[in-house]
Amino acid sequence: MSTALAPLGRDLKVMGLVGTAHAASHFFHLVLPPLFPLLRTEFDLSYAALGLLTALFYGASGIAQTIAGFLVDRFGARRILLGGLILLSVSVTGYGFATEFWMLLVLSVLAGLGNSVFHPADLSILTSKVSPSRLGRAYGAHALCGYLGWAVAPGFVVAVASLADWRVAVIAAGLAGLAVVVLLVVWGGEDLAEAPAPPPVRRGTAGILRDVRLLLSPTILSCFAYFTFLSAALVGVQTFGLTAMQVIYSVTLQHATIALTAFLVGGAAGIFVGGFAADRTERHDVIAMSGVMLSAVVLVAIGAEMTGGGLLVPAIAMAGFLSGTTSPSRDMLVRKATPGGATGRVFGFVYSGLDLGSSLMPLLLGWLLDGGDPRIVFHGCAVAMVITMLTVFEVRRRGVIAAGRA
């Protein structure tokens, strides 16, 4: 782990390279969904069948993410990062050559496996290479680049598909990912290389049990729960918020789309501010708890029609901003809870909670919406935010206990 203050230029370069890789990962999250209407016609599919593509992607990513963390600690983050990005890019390129639906399903699983490496590898590199006094901003830049990847993907694939067809669009997206691989290889060099790993040690049963005890410790499980419920809240708004706003406030699709965009832009702005805040305090738990609690209050107000149609856009932007400010501090909390030499496996395990929450919340909200009350979207997401706050409190409590025993 970096302990001295490195030159600002070197830290910025590391942040930029790792952020570019993370943007590529999030870019691939939204390559297929905008093309679903075209795929539905091409393969004569239902939307439920198309949804299986996303479920398999996140399912494979979530299951493999902890394993990827162990590989990062064993073989080095740079190798695993490049390997994952290559697999993800090649899999997305392969979409363009699929002639049967089952091929898309297999490629989605492979793409998910490639996607699994980014959080453990990225955060391991940032933690070991960036100066400690800049880590909050580094984690914030990392999250912000992910938002930028999400923002770019729909416009890119839809524009290319309109000029050519959907196959050219996904092939172009995959080739763009391979271009990022070339960039990381050519310009990354030693800036992404971690310190030489110690010689392999036969860990045996005792070593495996130590890893299991670490990952299943109350502190690490609390971190896992934090990521699960926070992602559930955010994905819930992203998935069903647009539909709910149209019904609750009787606004047009365009108005609701602007509101959802404001939520994402507010989240990105919150991440930017939260990065500076995380570097100026040791009480990252206070930032995290305050942000999610206030965001929950705003979501409840939106669901209860307390904002009014005219205030809908600024209100939901504020909810996104408040939740976004917690992102850098959450990574700092995980870093504090992680023992030396275990960064990859711990980050890999707790970040798999993101995939779990992202997979389950849309299914739950969809089932609840069958009851016909759209307010459940915002109220359900607010409940998830409150539970997130409780997990942060538990992480803080466990940390204080551990410090007292040291």
Side-chain angles (χ1 to χ4, degrees), residues 16-39 50-65 68 77 80-98 103-123 142-161 164-185 231 234-235 238-239 264 268 348 351-352 354-355 357-359 362:
L17 290 168
V18 173
T20 300
H22 194 222
S25 166
H26 279 236
F27 173 84
F28 287 126
H29 292 177
L30 293 181
V31 164
L32 276 191
L35 302 175
F36 276 176
L38 300 177
L39 295 176
L50 289 169
L52 184 58
L53 294 172
T54 300
L56 288 175
F57 177 89
Y58 283 112
S61 179
I63 292 171
Q65 196 159 165
I80 302 303
L81 175 62
L82 293 174
L85 183 53
I86 290 171
L87 177 59
L88 180 53
S89 302
V90 170
S91 299
V92 171
T93 302
Y95 285 142
F97 298 95
M103 297 180 181
L104 295 178
L105 296 175
V106 172
L107 289 167
S108 290
V109 172
L110 294 175
L113 294 177
N115 184 72
S116 71
V117 311
F118 287 92
H119 285 129
D122 289 356
L123 294 169
H142 179 260
L144 182 59
C145 286
Y147 269 77
L148 294 177
W150 277 336
V152 170
F156 177 87
V157 295
V158 170
V160 176
D165 60 23
W166 72 266
R167 294 182 183 276
V168 174
V170 294
I171 291 172
L175 293 177
L178 293 176
V180 174
V181 172
V182 173
L183 183 147
L184 296 178
V185 171
S231 69
L234 298 179
V235 169
Q238 294 175 24
T239 305
L264 295 172
Y351 261 95
S352 64
L354 291 178
D355 294 314
S358 298
S359 301

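Since the structure is predicted, the reported quantities are computational estimates derived from the model, not experimental observations.
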Gap separating the [atom1] atom of [X] from the [atom2] atom of [Y], nearest 0.5 angstrom:
X: Leu104; Y: Leu52; atom1: CG; atom2: CG; value: 10.5 Å
X: Leu110; Y: Tyr95; atom1: CG; atom2: OH; value: 8.5 Å
X: Leu82; Y: Leu87; atom1: CG; atom2: CG; value: 12.5 Å
X: Phe57; Y: Leu105; atom1: CZ; atom2: CG; value: 14.0 Å

Which atom pair, heavy atoms only, marks the closest approach of [X] to [Y]?
X: Gly62; Y: Ser352; answer: O-CB, 3.4 Å
X: Ala111; Y: Leu88; answer: O-CD1, 3.3 Å
X: Phe97; Y: Arg167; answer: C-NH1, 3.9 Å
X: Ala169; Y: Leu35; answer: CB-CD1, 4.5 Å
X: Ala161; Y: Leu38; answer: CB-CD1, 4.3 Å
X: Cys145; Y: Gly19; answer: CB-O, 3.2 Å

Please tell me if the side chains of Gln65 and Leu354 come closer than 4.5 Å, counting only heavy atoms from C-beta onward. no
**OP:** For the residue pair Leu17 and Leu183, establish whether any side-chain heavy-atom pair is separated by less than 4.5 Å.
**Re:** yes
Residue set satisfying ring-ring contact (aromatic ring centres under 6.0 Å, His included) with Phe118, at least two apart, ordered chain then number -> none
Next on the checklist: Checking Phe28 against Asn115 for the side chain to side chain contact (heavy atoms under 4.5 Å, CB included) test, could you report, in this order, the C-alpha distance in whole Å, the side-chain angles of both residues, the deciding distance, and whether it holds?
Outcome noted: CA-CA 9 Å; Phe28 287 126; Asn115 184 72; over 6 Å; no
Do side-chain atoms of [X] reach the backbone of [Y] as a donor and acceptor pair under 3.5 angstrom?
X: Ser116; Y: Leu113; answer: yes
X: His26; Y: Gly149; answer: no
X: Thr20; Y: Gly16; answer: yes

Contacts of Ala176 meeting side chain to side chain contact (heavy atoms under 4.5 Å, CB included) (sequence neighbours excluded), chain-then-number -> none
Q. Between Val170 and Thr93, is a side chain to side chain contact (heavy atoms under 4.5 Å, CB included) present by the stated rule, with each step listed?
A. CA-CA 6 Å; Val170 294; Thr93 302; over 6 Å; no
request  = Check the angle between the aromatic planes of His22 and His142 and answer parallel, tilted or perpendicular using the 30° and 60° thresholds.
outcome  = parallel
